[in-house]
Protein chains: 2
Amino acid sequence: MVTSIVVADRRVRKTGAMDTKTTPIDANEPWMRELHADTGYLLYRLGLRSGQLFNSCLQESGLRLRHYAVLRFLATCEGALQRELSARLGYDPSAIVGLVDDLEKAGFAERRPSPDDRRSRIVVLTDPGRAFLRDIDEAGLRVTNELLDPLDPAERETLHALLLRIVQDGPT
Amino acid sequence: MVTSIVVADRRVRKTGAMDTKTTPIDANEPWMRELHADTGYLLYRLGLRSGQLFNSCLQESGLRLRHYAVLRFLATCEGALQRELSARLGYDPSAIVGLVDDLEKAGFAERRPSPDDRRSRIVVLTDPGRAFLRDIDEAGLRVTNELLDPLDPAERETLHALLLRIVQDGPT
DNA sequence: CGACAACTATTGACGTCACCAATTATTGCT
DNA sequence: AGCAATAATTGGTGACGTCAATAGTTGTCG
């Protein structure tokens with residue numbers, strides 16, 4: 001059960017963001033502890049918020065979060081089959097088709113025929129794609145900073161290490 | 001009414017779909033560290049996985065993750081206006097309508113007229129709803145255990161505390 | 001060698017979800 | 001009384017997940 005979760009009681013006032021009627025949320029209130037008693041559910045909620053923030057960064061580029069995920073993966077592997085993208089990112093193969101179509105149309109990636117297997121296509125990152133990814137990564141850091149605002153650098157480090165441990169098995 | 005929740009997920013492991021060419025994933029490899037260098041992106045990815053696992057638990061009940069979120073919130077506040085649900089959960093007001101419709105149809109929640117304001121409806125959890133929520137919570141714990149498998153109890157505790165700190169401002 | 005199973009990429013269909021605009025009923029303000 | 005604001009609702013559009021089906025290709029086995 002939830003035993004001793006000590007939470008710093010700092011109410012961060014966010015410059016006129018939600019000005020409607022929301023009372024400030026305090027994690028020390030009992031209903032709040034009960035609401036987020038489960039870590040998995042907590043991860044789901046935070047992932048949602050993080051994804052929304054990332055998407056708002058990407059919206060002027062015309063691409064979305066899934067494109068960013070593909071680009072990010074391509075930057076690590078110097079060419080990948082579409083079926084690898086599907087398996088590693090957890091997206092349906094049919095979804096990959098559209099995503100790579102969009103990236104190709106934007107000039108950020110290319111499909112090349114595989115020398116081994118004429119069924120497969122190898123998707124590679126182009127130079128403009130690499131440049132774009134660098135820009136977006138920079139914006140991503142700003143998002144992350146905003147999200148992790150309540151945490152000090154040491155805490156962010158431990159959080160990152162823990163999350164990395166969890167993600168290491170299963171789809172990337 | 002009783003939901004026998006079986007976490008039989010035929011979803012991910014589809015007859016060794018990944019074992020053709022995928023090497024086992026090791027978080028220590030450089031490409032892996034680079035892929036997950038950003039904590040915000042990492043949160044997004046893990047939130048996705050967590051949400052998928054939760055959804056696979058809920059799929060036989062006919063409800064989905066968003067219904068669970070509403071029920072979970074209702075369990076903490078003894079009745080809420082729909083606009084409160086919208087603000088706190090971050091869902092669009094129009095989405096709340098459908099969700100509460102479904103919950104009412106399933107007998108897990110009720111709309112009651114507000115004595116103060118005849119525009120508002122107060123949504124309350126029913127007894128069957130409370131029972132259902134208990135069952136689901138139990139399944140949720142199994143999901144969380146599966147997800148947090150690489151972490152020992154102390155690490156899970158710190159992770160939970162850190163995530164709780166992050167979630168305390170902004171929409172629940 | 002030839003029939004056949006398995007696989008890759010692709011397309012199309014169906015339901016869900018997020019986001020926005022518009023509507024109705026009600027309230028508060030002045 | 002008049003009028004802006006609000007709560008719930010409806011409808012539309014585009015993105016998204018999942019599944020089924022197809023064409024082209026590969027490997028296997030009789």
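Just so we're on the same page: letters track the sequence lines, and every chain starts at 1.
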Whole-Å distance between [N] [atom2] and [X] [atom1]?
X         : N       : atom1 : atom2 : value
Asp102(A) : dA15(D) : CG    : C1'   : 11 Å
Asp92(B)  : dG11(D) : CG    : P     : 16 Å
Asn55(A)  : dG14(D) : CG    : C1'   : 13 Å
Leu85(A)  : dT10(C) : CG    : C1'   : 15 Å
Leu48(A)  : dC16(D) : CG    : P     : 14 Å
Arg83(B)  : dT9(D)  : CZ    : P     : 14 Å
Gln59(A)  : dC19(C) : CD    : P     : 10 Å
Gln52(B)  : dT16(C) : CD    : P     : 18 Å

Is there a donor-acceptor contact under 3.5 Å from the side chain of Ser50(B) to the main chain of Gly40(A)? yes
Under 3.5 Å donor-acceptor, Ser86(A) side chain and Tyr91(A) backbone: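 Looks like yes, one N/O pair under 3.5 Å.
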Readout for nucleotides 23-30 of chain C: B = base within 4.0 Å of protein heavy atom, S = sugar-phosphate only, - = neither; 5' to 3' it is --BBS---
Got a donor-acceptor pair under 3.5 Å from the side chain of Ser94(B) to the base of dC20(C)?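 In this structure, the two groups form a donor-acceptor pair.
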Counting only side-chain N and O atoms of Arg64(B), is one of them less than 4.0 Å from OP1 or OP2 of dC17(C)?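 For dC17(C), OP1 or OP2 has a side-chain N or O of Arg64(B) closer than 4.0 Å.
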N/O (side chain, Arg111(A)) to phosphate O (OP1/OP2, dT10(C)) under 4.0 Å: yes
Given dT11(C), dA9(C), dT9(D), the nucleotide with the shortest approach to the side chain of Pro93(B): dT9(D)
Going by an N to O cut-off under 4.0 Å, is there a salt bridge joining Asp38(A) and Arg72(B)?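 No, Asp38(A) and Arg72(B) are not salt-bridged.
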Suppose the criterion is ring-ring contact (aromatic ring centres under 6.0 Å, His included): which pairs have a residue in residues 100-149 of chain A, not counting sequence neighbours? Phe108(A)-Phe132(A)
Step-by-step side-chain contact (heavy atoms from CB on, under 4.5 Å) determination, Leu164(A) to Val167(A): CA-CA 5 Å; Leu164(A) 212 50; Val167(A) 88; 4.2 Å; yes
Would you please test Gln59(A) and Arg64(A) for side chain to side chain donor-acceptor pair (under 3.5 Å) and show each step? CA-CA 7 Å; Gln59(A) 69 183 359; Arg64(A) 282 167 300 276; over 6 Å; no
Using ring-ring contact (aromatic ring centres under 6.0 Å, His included) as the criterion, list what pairs up with Tyr68(A), not counting sequence neighbours. Phe54(A), Tyr41(B)
